[in-house]
Amino acid sequence: MNTRAEKLRNARFGSIFSAISGAIFGAICSFALSTITAGAVEAGESASIVVYQRVGNPGNSGTNVTLAQFEAHLAELKTGGYSVLPLPDIIAAFREHKPLPDRTVAITIDDGYRSVYAEAWPRLKAAGFPFTVFVATEQIDDASRDFMTWDEIRALAKAGVTIGSHGTSHLHMTETSAAQNAAEIRASNARFMSELGAVPTVFAYPYGEMSLAARTEVMTAGYVAAFGQHSGVAYAGGDLYFLPRFSFDETFGDLERFRIAANALPLPVADVTPADPLTRVNPPAFGFTVDPSVGALKGLVCYSASARNLKVEALDARRIEVRADQALAPGRMRINCTMPAQDHRWRWFGTQLYIEKQH
């Protein structure tokens, strides 16, 4: 991995993956056929969790998928040999170390936009698919036409849809004090109890932004799992309070990308640095150790839309260090690391860091 040729390949793939178009993903699949070196496919140990925000709501391309895209995704799930399971069932399996079907998928939708009720729910109901909606209570209380009403959320819950918490005001938890984060969680739970008669058991960090301090408040509040917005495959050995989800919008919502995400396998890692995703080190000193069960790490690449030129170095057969070549803009930074696996599938580990502003 330290040869000049391999460094050139890493640079090429970093650029390719940051573009992340469906056509490019198709080309990557073809490339994988000649570079399969990963270990055996693990059936029953992982799940791909997908996340949407708006469905069929034109004019919001960064948070919306078109109806055609959404319907294509559902058709793929219906006919492609997947098991679409309720999110709480997947979390329970992780916690209890019980097996899941291969190609397990969970569907989540963030924010509680009205298109969930008007467009997504009828299509999900027709397909027979369970799903989870993460709601920020203040957005519902504001009675904006963009968001569902409490009556509509009650109808979803009564029909068996899992309602999760997205906090109260959809704030940046990494920029907020522990006391304020705790107060937000208490306030949102009080509203859920008042309107639904129950408190959610799962939480999604607004903007996918997590810090160890925010994670502590989420755990203390009693949630059984929490989710980011970074790409990757959830698995039993991962952090249940920073689980990854593949995000889709109009730009990154083509069917080929959805297939790759839904078929992905975990790239299990340990000793991730920095330990706290909230970091002042810029560029971040990012690294991880890949589990020995994966086998040889040939074909592993890391990429980020925030940093076009990432240096990926293997310190030994398991330890990977990733560095940007210059300081990055403060705020969110997502890093994805992938490698080809058997059956034309991809192993995937991603994370989201948050670079603090220097004062």
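Side-chain atoms of Glu96 do not come within 3.5 Å of backbone N or O of Ala93 as any donor-acceptor pair. Of the possible polar contacts, none joining the Glu119 side chain to the Val116 backbone as a donor-acceptor pair under 3.5 Å is found. Listed for the Arg123 side chain is no donor-acceptor partner under 3.5 Å among the backbone atoms of Phe70. Using a distance-only test at 3.5 Å, with no hydrogens or angles considered, a donor-acceptor pair links the side chain of Arg318 to the main chain of Asp291. Here the side chain of Gln69 pairs a donor or acceptor atom with the backbone of Glu250 at under 3.5 angstrom. Side-chain N or O atoms of Ser115 include one that pairs as donor or acceptor with a backbone N or O of Val55 at under 3.5 Å. Side chain of Asn181 to backbone of Met173: a donor-acceptor contact under 3.5 angstrom is found. No donor-acceptor pair closer than 3.5 Å links the side chain of Asp343 to the backbone N or O of Arg345. For Asp325 (side chain) and Lys311 (main-chain N/O), no donor-acceptor pair under 3.5 Å exists by modelled atom type. The main-chain N or O of Pro284 is never found under 3.5 Å from a side-chain atom of Thr279 such that the two would form a donor-acceptor pair.
Between Arg245 and Thr108 the shortest side-chain heavy-atom distance falls below 4.5 Å. Residues Val301 and Val312 have side chains not in contact (no heavy-atom distance under 4.5 Å, counting atoms from C-beta outward). With contacts defined as side-chain heavy-atom distances shorter than 4.5 Å, the pair Phe131/Leu87 does not qualify. Looking at Pro268 and Ser293, their side chains come closer than 4.5 Å, going by heavy atoms from C-beta outward. A 4.5 Å side-chain heavy-atom check between Met339 and Val294 finds at least one atom pair inside the cut-off. Two residues are said to be in side-chain contact when any heavy atoms from C-beta on lie closer than 4.5 Å; Val133 and Ile153 fail this criterion. Taking the side chain as every heavy atom from C-beta outward, Thr104 and Val84 never approach each other to under 4.5 Å. Within the 4.5 Å cutoff, side-chain heavy atoms of Met333 are placed close to those of Leu328.
The shortest non-hydrogen separation linking Tyr113 to Met148 is O-CG, 3.6 Å. Residues Ala317 and Leu297 approach most closely at O-CD1, 3.4 Å, considering heavy atoms. Between Ala341 and Arg347, the shortest heavy-atom contact is CB-CG, 4.0 Å. A pairwise comparison of heavy atoms in Ala261 and Ser48 identifies O-OG, 2.7 Å as the closest pair. Closest approach of Pro244 to Ala234, counting heavy atoms only: CG-N, 3.8 Å. Pairing each heavy atom of Ser46 with each of Val233, the nearest pair is CB-CG1, 3.6 Å.
In the model, Asp151 has no side-chain atom that pairs as donor or acceptor with a side-chain atom of Tyr117 under 3.5 Å. Of the N and O atoms on the side chains of Arg334 and Ser304, not one donor lies less than 3.5 Å from an acceptor on the other residue. Checked by atom type, the side-chain pair Glu76/Tyr82 shows a donor-acceptor distance below 3.5 Å. Side-chain N/O atoms of Gln53 and Asp111 include a donor and acceptor closer than 3.5 Å.
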Intermediate values then yes/no, ring-ring contact (aromatic ring centres under 6.0 Å, His included), Phe94 and Tyr235: CA-CA 7 Å; Phe94 287 168; Tyr235 62 98; 7.8 Å; no
side-chain contact (heavy atoms from CB on, under 4.5 Å) between Ile49 and Val105, intermediate numbers included: CA-CA 6 Å; Ile49 305 170; Val105 174; over 6 Å; no
Intermediate values then yes/no, side-chain contact (heavy atoms from CB on, under 4.5 Å), Asp142 and Glu138: CA-CA 6 Å; Asp142 285 345; Glu138 190 173 280; 4.2 Å; yes
Chi angles and distances behind the side-chain contact (heavy atoms from CB on, under 4.5 Å) call for Leu243, Ile91: CA-CA 10 Å; Leu243 290 169; Ile91 300 306; 3.6 Å; yes
Chi angles and distances behind the side chain to side chain donor-acceptor pair (under 3.5 Å) call for Asp110, Gln229: CA-CA 10 Å; Asp110 282 4; Gln229 291 182 9; 3.2 Å; yes
Chi angles and distances behind the side-chain contact (heavy atoms from CB on, under 4.5 Å) call for Leu124, Leu74: CA-CA 8 Å; Leu124 289 162; Leu74 298 187; 3.7 Å; yes
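The CG atom of Asp276 sits 3.5 Å away from the CG atom of Leu212 when rounded to the nearest 0.5 Å. In this structure, the separation between CG on Leu278 and CG on Leu353 is 9.5 Å, given to the nearest 0.5 Å. The distance from atom OG1 of Thr168 to atom CD of Gln180, rounded to the nearest 0.5 Å, is 10.0 Å. Note that the NE2 atom of His344 and the CZ atom of Arg259 stand 14.0 Å from one another [nearest 0.5 Å]. If you take CZ on Arg95 and CG on Leu240, they are separated by 6.5 Å, rounding to the nearest 0.5 Å. For the atom pair OG1 of Thr176 and CD of Glu184, the computed distance is 7.5 Å after rounding to the nearest 0.5 Å.
Leu310 and Tyr354 end up in different hydrophobic clusters when Ile, Leu, Val, Met, Phe, Trp and Tyr side chains are linked at under 4.5 Å. Note on Phe147: it does not cluster hydrophobically with Val51, by side-chain heavy-atom contacts below 4.5 Å among ILVMFWY residues. Put simply, Ile109 and Ile140 are part of the same group of oily side chains (I, L, V, M, F, W, Y) that touch within less than 4.5 Å, one to the next.
Cation-pi geometry between Arg215 and Phe242 is not met at under 6.0 angstrom from the ring centre and within 45 degrees of the axis. Both tests pass for Lys78 against the ring of Phe129: distance under 6.0 Å to the centre and angle within 45° of the axis.
Paired with Phe258 under the rule ring-ring contact (aromatic ring centres under 6.0 Å, His included), one option of Tyr52, Phe248, Phe252 passes, and it is Phe248. Among Glu209, Glu175, Glu356, the one residue that satisfies the salt bridge (Lys or Arg N to Asp or Glu O under 4.0 Å) test with Arg332 is Glu209.
Using cut-offs of 30° and 60° for the angle between ring planes, the Trp348 and Phe246 rings count as perpendicular. In this structure, Phe192 and Trp150 have perpendicular ring planes: the angle between them is above 60°, well past the 30° mark.
Salt-bridge annotation for Arg319 and Glu321: present, with a side-chain N of the basic residue lying under 4.0 Å from a carboxylate O of the acidic one. Salt bridge status for Arg54 with Asp249: absent, with no side-chain N to carboxylate O gap under 4.0 Å. The pair Asp146-Arg114 fails the salt-bridge criterion, with no side-chain N (NZ, NE, NH1 or NH2) lying under 4.0 Å from an Asp/Glu carboxylate O.
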Could you pull out all donor-acceptor pairs under 3.5 Å where a side-chain atom in residues 196-207 meets a protein atom, sequence neighbours excluded?
unit_1	atom_1	unit_2	atom_2	d
Tyr205	OH	Tyr241	O	2.8
Tyr207	OH	His170	O	3.4
Tyr207	OH	His170	ND1	3.4

